[in-house]
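To start, the structure itself, in structure tokens.
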Amino acid sequence: MSVLLDVDQLRTFVVIAETGSFTRAAEVVHKTQSAVSMQMKRLEERIERPLFVRDGRVSKLTEDGERLLDYARRIVKLNVEAVAAFGSEELTGRVRLGVPDDYADRYLPDIMARFSRVYPGVELTVFCEPSIELLGRVERNEIDIAIVTSSGVHRASEIFRQERLLWVTSSRHATHLDTPLPLALGRPTCQWRAAAIDGLDSMGRAHRLLFSSGNAGAISAAVLAGLAVSVLPTSGLRPGMRVLTPAEGFPELAPCRIGLLRNPHERSALADALAGHIISSLDNLSAGAAAAE
């Protein structure tokens with residue numbers, strides 16, 4: 001089979017695989033649902049294999065779809081990197097990036113490696129703090145751009161990613177069966193913490209806050225040790241964790257929307273370059289797990 005694959009179709013394919021939904025994928029790639037469906041029909045015709053199968057309300061990958069997914073991710077990212085490399089200016093100087101601890105492990109390696117390759121003369125300074133604190137730094141002109149969890153608390157941000165917010169427990173323990181349910185959550189200002197507690201309260205399930213921390217590693221450690229249940233975005237899942245479902249008594253949570261905050265006091269070519277790089281590189285292309293609609 002000698003065919004050339006369409007990069008835009010592959011990008012849409014990856015987003016569907018990661019959101020588990022043609023509808024949500026259409027929102028991410030800014031197309032109509034019918035256009036997304038047509039893209040996938042043409043992609044399936046091109047490779048002469050079915051890529052998706054319906055499982056209730058979720059679109060899951062077939063075995064051939066799973067095989068294509070890794071290739072698709074690499075092709076799309078290489079395309080983004082190639083365009084950036086040949087379209088970039090010779091920029092030098094320093095740019096300041098803020099990113100919450102929750103996202104740092106998952107996003108920073110890709111951001112730093114690719115940005116440094118394209119802009120080798122730029123110094124990238126990174127601040128790892130909660131979204132609410134990064135907001136303050138942006139407003140005080142202490143950082144140029146921040147990756148944040150978007151909510152009503154923060155001023156409008158450029159949304160570039162949406163992930164499921166999941167209940168997680170240790171795969172080796174039955175902590176989720178404890179009463180009251182022990183929880184490991186973020187600081188009082190954390191909106192994921194508020195969502196988790198509101199969800200449990202709405203269904204009348206007894207719970208207690210056992211661990212509270214602004215450090216994602218500490219929260220994950222409590223979960224992996226079998227001490228508590230927590231809520232994490234798809235990209236925060238780690239080996240040894242298990243996702244808890246509504247069938248097990250855990251309510252569905254609103255998806256996590258991730259976006260950029262830009263410095264309102266001054267704009268720079270460096271900050272614009274970094275923003276464009278983040279959006280194009282991480283536009284729902286990095287999380288590996290599929291999500292239900």
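Just so you know, these numbers come straight off a predicted model, no measurement behind them.
In the hydrophobic clustering, Phe211 connects to Leu210, Leu227, either directly or through intervening members, whenever side-chain heavy atoms lie under 4.5 Å apart. Cluster note: Met38 groups with no other residue, as no ILVMFWY side-chain heavy atom lies under 4.5 Å from it.
In summary, the side chains of Arg114 and Tyr119 do not present any donor paired with an acceptor at a separation below 3.5 Å, with no hydrogens or angles considered. Side-chain atoms of Ser170 and Arg242 include no donor-acceptor pair closer than 3.5 Å.
A heavy-atom distance below 4.5 Å is not found between the side chains of Leu69 and Tyr71. Under the 4.5 Å side-chain criterion, counting only non-hydrogen atoms from C-beta, Val168 is not in contact with Leu244. Considering only heavy atoms from C-beta on, Phe115 comes within 4.5 Å of Val122 through its side chain. Using a 4.5 Å cut-off on side-chain heavy atoms (C-beta onward), Met112 and Leu124 make contact. Side-chain contact check for Arg54 versus Ser59: some heavy-atom pair is nearer than 4.5 Å. Residues Ile111 and Ile147 have side chains in contact (heavy-atom distance under 4.5 Å, counting atoms from C-beta outward). Contact check for Leu10 versus Leu5: side-chain heavy atoms found under the 4.5 Å cut-off. Two residues are said to be in side-chain contact when any heavy atoms from C-beta on lie closer than 4.5 Å; Val138 and Pro264 meet this criterion.
Looking at Thr175, its side chain never comes within 3.5 Å of a backbone N or O of Ala228 through a donor-acceptor pair. No donor-acceptor pair under 3.5 Å is formed between the side chain of Ser116 and the backbone N or O of Ala113. With Ser213 contributing its side chain and Gly186 its backbone, the two residues share no donor-acceptor pair below 3.5 Å. Between the side chain of Thr149 and the backbone N or O of Ile258, no donor-acceptor pair lies under 3.5 Å. At least one donor-acceptor pair closer than 3.5 Å links the side chain of Thr62 to the backbone N or O of Pro50. The backbone N or O of Glu142 lies less than 3.5 Å from a partner atom in the side chain of Arg96, making a donor-acceptor pair. Side chain of Asn263 to main chain of Glu139: no donor-acceptor pair is present (N/O by atom type, distance under 3.5 Å, no hydrogens or angles). Side-chain atoms of Glu163 never come within 3.5 Å of backbone atoms of Cys256 as a donor-acceptor pair (strictly under, hydrogens ignored).
Residues satisfying the side chain to side chain contact (heavy atoms under 4.5 Å, CB included) test with Pro109, not counting sequence neighbours, are none.
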Would you be so kind as to tabulate the donor-acceptor pairs closer than 3.5 Å made by side chains of residues 214-225, with sequence neighbours excluded?
| unit_1 | atom_1 | unit_2 | atom_2 | d |
| --- | --- | --- | --- | --- |
| Asn215 | OD1 | Gly217 | N | 2.9 |
| Asn215 | OD1 | Ala218 | N | 2.8 |
| Ser220 | OG | Ala216 | O | 3.1 |

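For residues 212-262, the ring pair (Phe, Tyr, Trp, His ring centres under 6.0 Å) pairs, not counting sequence neighbours, are Trp167-Phe250. Sorted by first and then second residue, the salt bridge (Lys or Arg N to Asp or Glu O under 4.0 Å) pairs with a member in residues 181-205 read Glu133-Arg187; sequence neighbours excluded.
Contact check on Arg137 versus Glu129 returns a salt bridge, with a Lys/Arg side-chain nitrogen under 4.0 Å from an Asp/Glu carboxylate oxygen. Salt bridge status for Lys60 with Glu66: absent, with no side-chain N to carboxylate O gap under 4.0 Å. At a threshold of 4.0 Å, the pair Asp272-Arg262 counts as salt-bridged, since one of the basic side-chain nitrogens sits closer than that to a carboxylate oxygen. Using a 4.0 Å cut-off between a side-chain N of Lys or Arg and a carboxylate O of Asp or Glu, Arg42 and Asp6 do not qualify as a salt bridge. Contact check on Asp64 versus Arg67 returns a salt bridge, with a Lys/Arg side-chain nitrogen under 4.0 Å from an Asp/Glu carboxylate oxygen.
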